[in-house]
Amino acid sequence: MGRAEERRARQRGGHRAAPRRSPSAAAAPAAGAKPAKGRIRRLFTWKKMLGTFLGLCLLGIGGFVVLYMLVDVPKGNAAARQQSNIYKYSDGSVLARVGTVNRESVDLAKVPKPVQHTFVAAENKTFYHDSGIDVKGLARGLFNTVSGRGTQGGSTITQQYVKNYYLNQDQTATRKLKEMVISLKVDRRLTKEQILAGYINTSYYGRNAYGIQAAAQAYYRTDASKLNVQQGAYLAALLQAPSQYDWAVAGPVGRRLVRARWNYVLDNMVKQKWLDPTARQNMKFTDAIPEEPKGTPGEEGQKGYLVQLANQQVEQQLMSDEGMSRTQAEAAVVDRGWTITLNIDKKRQKALEQAVKSQLTSKLDPKKRKVDGNVQAGAVSVDPKTGHIVALYGGQDYFKHYFNNATRRDYQPASTFKPVILAAALEQNATTQTGKPINAGTLYDGTSGRQVLDHGSKVGFGPPNEDHVDYGPITVQRAMDESVNSVFAQMGVDVGMTKVMDTAKQLGMDTQGMQAVPAQTLGSMGASPLEMAGIYATFDNHGHKVTPSIVKTAEQKDRSVHMPDPLGGQVISRTAADTVTSVLTGVVDDGTAKNSVAANPLRDGQQVAGKTGTSDENKSAWFTGYTPDLVTSVGLFGEDKKTRSHVTMMGATGQLPYPGRVNGGSYPARIWAEYTFGVTKRAKFDLETTQGAAVEPTDTPTLSQTPSRSPSDTPSSEPPTSTSPSSTPSSQTPTRTPTQTPTQTPTSPTPTTGQPTDGVTDPPLNPDDAGNLGRQ
């Protein structure tokens, strides 16, 4: 035995090695014998593993060297890539051509040094010392791209400049590798000052502004040379999400984020000793709030609102499909030569604009009444069978009011949320606290302010009804017709507010951050006309989810974006959805929308379901309604012209009787009616339900239990169901008139105590919208 064999024998336990086998015997192991463990160990020795690792490293280094030699710095093409976007109506005719490039390069020496530092502090604190790339961030970005996790890797200012000026926003591994190589070469060829100048001159700041000079003009009406540190920090903060962080259009979340980002920039400057701590302490964000924006040529009137929403939906899809960040998606869409065809129907768009003008804006005169200057209108119209947004009204003019009223979510939808509560009750087969199933005929106590205790709670919730009217025992159908707060507060607790909010989310409401508390039964959350149109379109579509879409196709020279189908799966049962529709026909024919919608001479027998809503202090007013073929949500919002704070609309137009409340059954319902009845034809709802006003007679036992509302109402109890049709001249729905009080007319001189309409708790209902019962 040799020394090596003896050593191996000792390692195996001190025994002598077995005699060598013949080659033939060694080649033929016994049947079923397992391979010796030594072979596996010899295969994965640390020397071999280290050698493999070093080999891979050498291979990677070699590959990078080859890549570095092959990839050259291309000719800059940032300006060349800027092209007008073309937006078309659904029929292919041109809506707008947007994209006169707002870019002006400025020498870095003209930008104050502290303002230069704001960008470095915001994006890349090590900029003046690094090699042009962030190796860890780049590796993370490559891994995320290859694994489909989006873009979470960091980028230096050099990398972002390279992406802006030499490459594009595509999220591919190839592009990222090129970005790395070109960044290293650019860092060697150019000074840090040249790179920083290129970065701030090629970045997109929102408001169609490319470069710091254009941004300074767009946000502060000044030159880049005159920007102060606070303004520079705001522009630097913008680059993370230009549209979301634009103070003029940002929602509560966007405003909170941009303020935090602004503070982050200035605090970093202090840490880098670029800003005196005492001076920093004296800086206030209010000094950085920008001027109101100006529209881009081609976006006048309603065009800007349509273009804005179309861009947002394409950007959102790019973020989803290609893992782009919000900033990258905006830069990839705005002025990049897209042809975007919208779902907007030219005739319906014109009809909606005309309806708003004739029913509202033509009556507003800010010179006579200050409140008239605070009234904003927004509307979205959706085809429930396709999910297409066929018309949209975002404000009086995009150049005058940059904020899109059709998509804003900062106002309460008020009682238009009540159908969601009923949908949750029906979908969950919920019962009252006495064990009775909740349906259209369920009796509730309609006493104003009735305390509702959440299960096991010691703190009650007792919202008052409109004008504090006590209804006594009342059916769910009648409670929906009259928008009785106390009933739906009870119902929300019976169902469970968590389940109610879950149903709202399934139907299309953005419930993130919303608390599942009884106060939400009054629609105290924020919502947009776009959201409410989607929710009601889902009801109209028999419970199949509708996510309204404005974009039909989006195509660039060498690519297109596949937009998702606006129609989704079943989110609530057809029976539940159809029952809600059936109940909502009662709101139109017998309730708060009777005068403006049911009795409208343009109706011509059209079936309609809908709900009015008026928030506290008359800060918002809504009507969201639908026919079998069209869903439209109209909202009016009281917005201070200067501060954008929420204010009352009480007294607007001067044409409403005292106290001049603008409620859901007034101008919103009138706009809805003129528009809808002008663009639709008579159709019937195809309902699979045995409940609700559309299928049930209205002479229910609750009539005798509903109290008189005011001394001006004629009888102390409702008349018998044999009421003569001639006693209600405004009625156009004879099959529903038995529940109406016949002795009042729209011109009734009872000004102060109209009936409850939308569940608001502020001043009484204006009698002009009262109809035959003092209702809207």
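Just so you know, these numbers use all the heavy atoms, side chains as well, and skip hydrogens, waters and symmetry mates.
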Q: Contact between Asn85 and Thr339 at the side-chain level, heavy atoms closer than 4.5 Å - yes or no?
A: no
Q: Among all residues two or more places apart in sequence or in another chain, which pass the side chain to side chain donor-acceptor pair (under 3.5 Å) test with Thr653?
A: Tyr667
Q: Does Gln396 CD have over 12 foreign heavy atoms under 6.0 Å away?
A: no
Q: Using the six-membered ring of Phe403, assess whether NZ or CZ of Arg644 lies under 6.0 Å from its centre and within 45 degrees of the ring axis.
A: yes
Q: Could you tell me if the side chain of Tyr89 sits less than 4.5 Å from the side chain of Asp345, heavy atoms only?
A: no
Q: What residue pairs, at least two apart or across chains, pass ring pair (Phe, Tyr, Trp, His ring centres under 6.0 Å) with a residue in residues 313-347?
A: none
Q: Kindly write out the residues that satisfy ring-ring contact (aromatic ring centres under 6.0 Å, His included) with Tyr199, not counting sequence neighbours, or none if the list is empty.
A: none
Q: On a heavy-atom basis, which atom in Thr118 and which in Ala236 lie closest, and how many Å separate them?
A: O-CB, 3.6 Å
Q: Start with the C-alpha gap between Arg409 and Glu531, add the side-chain angles, then the distance that decides, and say whether side chain to side chain contact (heavy atoms under 4.5 Å, CB included) holds.
A: CA-CA 9 Å; Arg409 301 186 64 253; Glu531 271 182 302; 2.7 Å; yes
Q: Between Tyr161 and Thr202, does any side-chain donor sit less than 3.5 Å from a side-chain acceptor?
A: no
Q: Where is the tightest heavy-atom contact between Asn164 and Ser203, given as atom of each residue plus distance?
A: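 Closest approach of Asn164 to Ser203, heavy atoms only: ND2-OG, 3.5 Å.
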Q: We want to know whether Gln316 and Gln312 form a side-chain donor-acceptor pair, criterion being a heavy-atom distance below 3.5 angstrom.
A: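 There is no such pair between these side chains.
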Q: Assess, by modelled atom type and distance only, whether the side chains of His646 and Asp410 contain a donor and an acceptor separated by less than 3.5 Å.
A: yes
Q: For Thr222 and Gln217, which I'm curious about, is there any donor-acceptor pair between the side chains at under 3.5 Å?
A: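 The criterion, which ignores hydrogens and geometry beyond distance, is not satisfied for Gln217 and Thr222.
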Q: Leu630 versus Val390: any side-chain heavy-atom pair under 4.5 Å?
A: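 Contact flag for Leu630/Val390 side chains = yes.
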Q: With ring-ring contact (aromatic ring centres under 6.0 Å, His included) as the test, would you mind laying out the steps for Trp262 and Tyr234 before giving the verdict?
A: CA-CA 6 Å; Trp262 181 83; Tyr234 178 83; 8.8 Å; no
Q: Mind listing the closest non-hydrogen atom pair of Ala621 and Pro668 along with its distance?
A: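 In this case the closest contact between Ala621 and Pro668 is O-CG, 3.7 Å.
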Q: Partners of Val647 by side chain to side chain contact (heavy atoms under 4.5 Å, CB included), sequence neighbours excluded?
A: Asn374, Asp640, Ser645
Q: Got a sec, which residues hit ring-ring contact (aromatic ring centres under 6.0 Å, His included) with Tyr402, two or more places apart in sequence or on another chain?
A: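 Residues passing ring-ring contact (aromatic ring centres under 6.0 Å, His included) with Tyr402: Tyr398.
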Q: Got a sec, which residues hit side chain to side chain donor-acceptor pair (under 3.5 Å) with Asp565, two or more places apart in sequence or on another chain?
A: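 Side chain to side chain donor-acceptor pair (under 3.5 Å) list for Asp565, sorted by chain: empty.
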Q: NZ of Lys357: more than 12 outside heavy atoms within 6.0 angstrom?
A: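 Atom NZ in Lys357 is not packed in, count stays at 12 or less.
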Q: If you look only at pairs with a residue in residues 242-253, which of them pass as a side chain to side chain donor-acceptor pair (under 3.5 Å), with sequence neighbours excluded?
A: Arg207-Asp246, Gln240-Tyr245, Ser243-Glu330, Gln244-Arg326
Q: Write down the atom of Ala351, the atom of Val679, and the distance for their closest heavy-atom approach.
A: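 Closest heavy-atom pair between Ala351 and Val679: CB-CG1, 3.7 Å.
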Q: What's the spacing between Lys294 NZ and Glu299 CD if we round to 0.5 Å?
A: 14.5 Å
Q: Only pairs at least two apart or in different chains count here, so list each salt bridge (Lys or Arg N to Asp or Glu O under 4.0 Å) that has a residue in residues 370-396.
A: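 Residue pairs with at least one partner in residues 370-396: Arg369-Asp372, Lys385-Asp629.
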Q: Quick one: salt bridge (Lys or Arg N to Asp or Glu O under 4.0 Å) pairs with a partner in residues 396-407, sequence neighbours left out?
A: none
Q: When you look at Ile200 and Val111, which way does the side chain to side chain contact (heavy atoms under 4.5 Å, CB included) test go after all the steps?
A: CA-CA 10 Å; Ile200 65 175; Val111 179; 4.2 Å; yes
Q: Residues two or more places apart in sequence or in another chain: which of them pass side chain to side chain contact (heavy atoms under 4.5 Å, CB included) with Asn404?
A: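 Asn404: side chain to side chain contact (heavy atoms under 4.5 Å, CB included) contacts with Tyr305, Gln308, Leu392, Ala406, Thr407.
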Q: Does the side chain of Glu674 come within less than 4.5 Å of Ser358's, by heavy atoms?
A: yes
Q: Quick check: Tyr626 with Trp672 (ring centres under 6.0 Å apart)?
A: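 Centroid distance Trp672-Tyr626: not below 6.0 Å, so no.
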Q: Calculate, to the nearest 0.5 Å, the distance between atoms OH and NZ belonging to Tyr675 and Lys350 respectively.
A: 14.5 Å
Q: More than 12 heavy atoms of other residues, nucleotides or ligands under 6.0 Å from CZ of Arg221: yes or no?
A: yes
Q: Decide side chain to side chain contact (heavy atoms under 4.5 Å, CB included) for Glu291 and Tyr219; before the verdict, give the C-alpha distance in whole Å, the side-chain angles of both, and the deciding distance to 0.1 Å.
A: CA-CA 5 Å; Glu291 301 286 337; Tyr219 287 91; over 6 Å; no
Q: Do Ser93 and Lys346 pair up side chain to side chain, a donor and an acceptor below 3.5 Å, judged on atom types alone?
A: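 Yes, a side-chain donor-acceptor pair sits under 3.5 Å.
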Q: Please tell me if the side chains of Pro566 and His388 come closer than 4.5 Å, counting only heavy atoms from C-beta onward.
A: yes
Q: Spell out, as yes or no, whether a donor-acceptor pair under 3.5 Å connects the side chain of Glu353 to the backbone of Gln302.
A: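 Absent.
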Q: Under the rule for ring-ring contact (aromatic ring centres under 6.0 Å, His included), what residues qualify as partners of Phe539, not counting sequence neighbours?
A: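 By the ring-ring contact (aromatic ring centres under 6.0 Å, His included) rule, Phe539 matches Tyr536.
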Q: So, do Gln160 and Glu123 sit near enough that their side-chain heavy atoms are less than 4.5 Å apart?
A: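 They are in contact (side-chain heavy atoms under 4.5 Å apart), so the answer is yes.
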Q: Given side chain to side chain contact (heavy atoms under 4.5 Å, CB included), test Lys88 with Leu95 step by step and report yes or no.
A: CA-CA 5 Å; Lys88 297 182 178 182; Leu95 164 70; 5.7 Å; no
Q: Starting at CG of Leu530, measure out to CZ of Arg408 and round the result to the nearest 0.5 Å.
A: 14.0 Å
Q: Do Gln317 and His562 get their side chains close enough for a donor-acceptor pair, meaning under 3.5 Å?
A: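 Side-chain D/A pair, Gln317 to His562: absent.
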Q: How would you list, by chain and number, every residue that makes a ring-ring contact (aromatic ring centres under 6.0 Å, His included) with Tyr220, sequence neighbours excluded?
A: none
Q: Mind checking whether Asn343 and Ile550 have side chains closer than 4.5 Å, heavy atoms only?
A: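 SC-SC contact between Asn343 and Ile550 ruled out.
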